[in-house]
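What follows is a short report on a single structure.
In what follows, every chain begins at residue 1, and chains take the letters A, B, ... in the order their sequences are listed.
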2 protein chains.
Amino acid sequence: MGHGHGGQDAAPLAERLRARGLRLTAQRQRVLAAVTALEHATPEAIGARLREEAGPGGAAPDTSTVYRNLELLERLGLVWHTHLGKGAPVYHAAEHPHLHVVCQSCGEIASAAPDLLDSAAERLAADLGFTVDVGHVALSGTCRACRERAGSEPSS
Amino acid sequence: MGHGHGGQDAAPLAERLRARGLRLTAQRQRVLAAVTALEHATPEAIGARLREEAGPGGAAPDTSTVYRNLELLERLGLVWHTHLGKGAPVYHAAEHPHLHVVCQSCGEIASAAPDLLDSAAERLAADLGFTVDVGHVALSGTCRACRERAGSEPSS
DNA sequence: GTTAATGCAAACTCTTTGCACATCC
DNA sequence: GGATGTGCAAAGAGTTTGCATTAAC
């Protein structure tokens, strides 16, 4: 851990694109901005946000462009995605690796410190030679509110 | 733990169906058998297996029936599903809860003991009141073979 | 005989792809 | 100007649903 980077680098997007001979477009900047602004956003939610920002009459990036750029931004190391179960994956800015915890009942997403899985990761590495990718991990279960709600309701 | 069941209980499917006024059909028995036989099978794979078993000219359960019965069997507590990332979920017989570990590169699925996450589960319960559902958890990462393969190849 | 379950076909969601046109460098 | 990126539309997985027919009890 610890590369000691404080906030965000100046313009990592432009830099990384140049380094690969790729182009900086308005769409790419907007998709990255939307991912950063919306935590845990699905591609659909990101698209909706962009349409909102564009306003009526304004042109928002096409859905296919959103998908293509999310994939690109992930390759560039600027965003990260996690599958929380069925349905769409969620994206977040790649600054701090963290772990996702999702409630099966209400869908609420909480974040946890990555070191939560350190001991499990060590055991897996030792036993299976398997390296856990903390950023992609989602733990599922039941949050306190849903647990209490379920307890107080009839079972049928 | 410890109901001391060596193999499988006699006919838990028939029992549980009766208890709910539901019917025992050939399709339900076959879907359950396929899930038990195939570890980590997707609905599609289960359907394919059933078509194979039926042979040419034989009638296999329809895809929609497979889906409906997987859902039912899960409600009955006989099968369990896990999302391993993008794509279809995988089903397994619900006998032993275990944890899934999936390699992002080759897609290989390994199983791990459920107590692997005990300490993490305790911390989550204490800090967030969140109860982890071990059976639904899939950890993603890289298996030893893929890790070594990646190390020996050019980065681009 | 009555209700539940199946099969079939169509709809639906989420995602990817092909290709002409527009854009960035 | 030349290659990359975008929008559009269509195709593609995976899953769900409505409804007539079939099968369980």
For this session: Confirm from the modelled atom types if Arg68(B) and dA5(C) form a donor-acceptor pair under 3.5 Å, side chain to base only.
Result: no

Exercise. Does Tyr67(B) make a side-chain N or O approach to OP1 or OP2 of dT15(D) shorter than 4.0 Å?
Worked result: yes

Exercise. Can you check whether Thr25(B) has a side-chain N or O nearer than 4.0 Å to OP1 or OP2 of dA24(D)?
Worked result: no

For this session: Using a strict cut-off of less than 4.0 Å between a Lys/Arg side-chain nitrogen and an Asp/Glu carboxylate oxygen, indicate whether Asp62(B) and Arg68(B) qualify as a salt bridge.
Result: no

Problem set entry | Minimum-distance nucleotide to Pro61(A) side chain [options: dA24(D), dG7(D), dT15(D)] | dG7(D)

For this session: Could you state the atom-to-atom distance from CZ of Arg28(A) to P of dA22(C) in whole Å?
Result: 19 Å

Problem set entry | Distance test, side-chain N/O of Gln27(B) to OP1/OP2 of dA23(D), below 4.0 Å | no

For this session: State which of dG7(C), dG5(D), dT15(D) makes the closest approach to the side chain of Thr63(B).
Result: dT15(D)

Problem set entry | Check: His100(B) ring centroid to His40(B) ring centroid under 6.0 Å | yes

Exercise. Is the backbone of Thr65(A) close enough, under 3.5 Å, to the side chain of Gln27(A) for a donor and an acceptor to pair up by distance?
Worked result: no

Exercise. Tell me: CD of Gln29(B) to P of dT6(C), nearest whole Å?
Worked result: 11 Å

For this session: Calculate the interatomic distance between Leu22(A) atom CG and dT6(D) atom P; express it in whole Å.
Result: 10 Å

Exercise. Rounding to a whole Å, what distance do you find between Asn69(A):CG and dT6(D):C1'?
Worked result: 9 Å

For this session: Name the closest nucleotide to the Pro89(B) side chain, picking from dT15(D), dA3(D), dA24(D).
Result: dT15(D)

Problem set entry | Any donor-acceptor N/O pair, Arg16(A) side chain to Leu76(A) backbone, under 3.5 Å | yes

Problem set entry | Rounded distance in Å - CD (Glu71(A)) to P (dT17(C)) | 8 Å

Exercise. Taking CD from Glu44(B) and P from dG12(D), how many angstroms apart are they, rounded to a whole number?
Worked result: 15 Å

Exercise. Quick one: Arg75(A) CZ to dT4(D) P, roughly how many Å, whole number?
Worked result: 13 Å

Exercise. Distance-only, no hydrogens or angles: does the Arg28(B) side chain make a donor-acceptor pair with backbone N or O of Arg23(B) under 3.5 Å?
Worked result: yes

Seminar exercise, completed: The residue, Arg18(B) or His83(B), whose nearest nucleotide of DNA chain D is more 5′ is His83(B)

Problem set entry | Of Arg23(A) and Asp62(B), the one whose closest DNA chain C nucleotide lies more 5' | Asp62(B)

Exercise. Has the side chain of Ser64(A) got a donor or acceptor that lies under 3.5 Å from a partner of the other kind on the base of dC8(D)?
Worked result: yes

For this session: To the nearest Å, give me how far apart CZ (Arg51(A)) and P (dG7(D)) are.
Result: 12 Å

